[in-house]
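To keep things clear, I will list the structure first and then write my remarks on it.
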Amino acid sequence: MVVATQEPTVTRPAASPARRTPLWSLVEVRWATLATALFAAGAVFHLAGGPAWAWWALYLACYVAGGWAPGLAGLRALRARTLDVDLLMVAAAIGAAGVGQVFDGALLIVIFATSGALEAYATRRTADSVHSLLDLAPPHATRLTPTGEERVDTATLAVGDTLLVRPGERIGADGTVVDGAGDVDQATITGEPLPVPKGAGDEVYAGTLNGTGALRVRVDKPAGESVVARIVAMVEEASATKAPTQLFIEKVEQRYSVGVVVATLALFGVPLAFGDGLTDALLRAMTFMIVASPCAVVLATMPPLLAAIATAGRNGVLVKSAVAMERLAETGLVALDKTGTLTVGAPRMATVRLFPDGPVREPDRLLALAAAAEHSSEHPLAAAVVAAARRTSRPIPAATNFTSTPGHGVSARVDGHTVTVGRPTGACAEVAELRASGHTTVVVAVDGTPAGVLGLTDTLRPEAAEAVGRLTVLIGQPPLLLTGDNPAAAARVAAEVGIRDVRADLLPQDKLAVVRQLRERGVRLLAVGDGVNDAPALAAAHAGIAMGGAGSDLALRTADAVLVRDDLAAIPALVALSRRARRYVKANLAVAATVIAVLATWDIAGHLPLPLGVAGHEGSTVIVALNGLRLLRSGAWPASRASRQRDGGALS
């Protein structure tokens, strides 16, 4: 007989504390803040009709605060015989001030200074998270010596040392169990949703958490060669070798900058050489620099991306930068983690099966006996068994004489019977069938006679199947499943959500290898995960998304975007929104480029009045900015089926 049950699940605690660099400690943030404050003060004086000297002084101070760093960077690039937008931006801002348009120049300075501060902050936080991963391994461990025990720094452990790991302690080094038994939570390394039984001869990893039972572990690797240390190295390497993050317009900035500078110098020098007055030649050149300045192009690019970021934020998705939003639009394949991503990462009771010749005849009775025996246990499986029993109509009886054997199970006296709940020890068709379908199994025995088997699984997120289906339609092919869990469990989850390509039993370096193989084939991969073991893949992928609810700090900081509400349906919505933003960017660039071409040609071939040039330049900027801001409307976010049902809308 079989009964299926459902119950609430628990959330796995965070793996390690996070290191934080204070925001104000970054020099880029301090200068950008000062520049913004000076610009705001100048704008207030300007719009309020204050004395010109006051708002001019504030705007020029904004120039200095926000422009010295990009100006210096531009001069250094010039010394290296390259020309970039930083120097062109400063020159355009100075030129704008020279012809009386100091407000426009100050605004351009603030845009670039703020962008640089955000980039510096994101870089620093990512570095903090990479190094905080080292905190997974405990700073101290108990080493066994011929004379007893001693507490030592884990950094000083040598290969061959023997450690004593008590219940509830983190393992101090990669090694092999030489004595004892226990259940080790190694989700941070392998992504397995449930603690793994460990006994003599089994491998364990630094930073994983020992449950019940004491372990004696022989150190096999020094601290610098542990799996945790290798993950840190892989994340840093992947981040360093990832293609440079640039917006579309930045990819042509070198040629654009050189062209504008050459044309400006030509417009100043050639007419001057043929007899034009200095003032007329300078005014023509400054007019050209203003109408061809990158301000219009930057504003044509940024508003759609920033509006898309704001819309995503309102819907529970944090996208870290405009570059990240642009990368998401280029997604050609999605790779999903299983535990904590497609599933919630906590066990639930899936099925109860009675043995035909066993002493129990009702599934609810078997579940009640098992829950009574497990009630005093701290094992995650015990919580799932008790929760399932509470959802039935049968009360859970009291238990006495509770005992727990690490690595094997529990035993207690219930209603005058000895009830044991533990790992299967012999061949059994029911157990084999459940294991083949990806279930975790425990056998319940009454007075030494097997009575039935409980099948537990990880809980699939309710929106997982819909999200996979929408991604398949949007991208043109179903997602890929990358998981450290066993193949049977991975195959079961994949079948439920509609994924055909499954890669299981993957350690962090294996996931990274898959991502790199796909990138070498030209696939622009979007990786989605939640754990420390997913971080190298998130760093190496074209774009990465982390689950925000129970995601590790390293995954959250490495990813380009974070699902704050852990709603998988937001992934296809985000990709669709990013593609729409990219279309708006291209349309805006076409408008901006056309206006620049017309005004620049007019200035070169004829005589463009400065007020008309400024008006045309600013007008095109307003048009493209307003077009991009259309993505702020509530209808810009593609609704999922579940949200449309809640809102009463029609299904498509």
Side-chain angles (χ1 to χ4, degrees), residues 1-10 183 192-197 343-399 402 404-405 408-460 462 485-486 488-489 491-493 495-496:
M1 183 178 292
V2 178
V3 59
T5 61
Q6 298 284 340
E7 70 285 320
T9 57
V10 295
D183 296 310
E192 294 169 285
L194 301 176
V196 179
T343 68
V344 299
R348 68 174 178 86
M349 182 68 64
T351 183
V352 178
R353 297 196 178 185
L354 300 175
F355 293 144
D357 299 327
V360 179
R361 290 287 175 261
E362 298 178 13
D364 285 359
R365 170 64 175 167
L366 182 73
L367 194 56
L369 292 173
E374 292 273 25
H375 196 273
S376 298
S377 174
E378 297 180 354
H379 196 284
L381 291 180
V385 172
V386 173
R390 285 175 175 165
R391 293 178 63 86
T392 68
S393 58
R394 187 183 294 271
I396 300 175
F402 171 81
S404 175
T405 305
H408 294 281
V410 301
S411 175
R413 291 288 292 178
V414 182
D415 290 344
H417 301 281
T418 299
V419 178
T420 59
V421 183
R423 298 169 57 188
T425 56
C428 172
E430 289 83 359
V431 172
E433 181 182 348
L434 289 176
R435 283 183 170 177
S437 59
H439 291 77
T440 298
T441 58
V442 292
V443 170
V444 183
V446 178
D447 295 327
T449 303
V453 59
L454 309 180
L456 299 100
T457 65
D458 200 355
T459 305
L460 189 70
D485 210 349
N486 65 79
R492 180 185 59 80
V493 170
E496 290 186 41

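We count residues from 1, following the sequence as given.
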Rounded distance (nearest 0.5 Å) linking atom CZ of Arg413 with atom OG1 of Thr418
4.0 Å
Calculate, to the nearest 0.5 Å, the distance between atoms OG1 and CD belonging to Thr343 and Glu496 respectively.
10.5 Å
Kindly give the heavy-atom pair with the smallest separation between Pro347 and Thr459, and that separation in Å.
C-OG1, 4.4 Å
Pairing residues for Ser437 by the side chain to side chain donor-acceptor pair (under 3.5 Å) criterion, not counting sequence neighbours
His439
Tell me, please, which residues at least two apart from Ala382 pass side chain to side chain contact (heavy atoms under 4.5 Å, CB included).
Glu374, Ser377, His379
For Ala389, which residues count as a side chain to side chain contact (heavy atoms under 4.5 Å, CB included) partner, sequence neighbours excluded?
Leu367, Ala371, Ile396
Check side chain to side chain contact (heavy atoms under 4.5 Å, CB included) between Pro397 and all other residues, then give those that pass, not counting sequence neighbours.
Ala368, Ala372, Val414, Asp415
Pairing residues for Arg394 by the salt bridge (charged side-chain N to carboxylate O under 4.0 Å, His left out) criterion, not counting sequence neighbours:
Glu362
Given side chains that start at C-beta, do those of Val443 and Phe355 come closer than 4.5 Å, heavy atoms only?
yes
Which heavy atom of His417 sits nearest to which heavy atom of Val446, and what is that distance?
CB-CG1, 3.8 Å
Distance from Thr351 atom OG1 to Glu433 atom CD, nearest 0.5 Å?
9.0 Å
For a quick test of reading the model, state the closest non-hydrogen atom pair linking Ala489 to Asp485 and the distance between them.
CB-OD2, 3.7 Å
Once rounded to the nearest 0.5 Å, what's the spacing between atom CG of Leu381 and atom CE of Met349?
8.5 Å
4.5 Å side-chain heavy-atom contact, Leu366 and Leu454
yes
Between Thr449 and Pro359 the two heavy atoms that sit nearest each other are CG2-CD, 3.8 Å
For Thr441, enumerate each residue passing the side chain to side chain contact (heavy atoms under 4.5 Å, CB included) test, keeping only those at least two apart in sequence or located in another chain.
Pro424, Val431, Leu434, Arg435, Val453
Of all heavy-atom pairs linking Ala412 and Ala373, the shortest is CB-CA, 4.0 Å
Give me the atom names and distance for the closest heavy-atom approach of Pro450 to Gly448.
CD-O, 3.7 Å
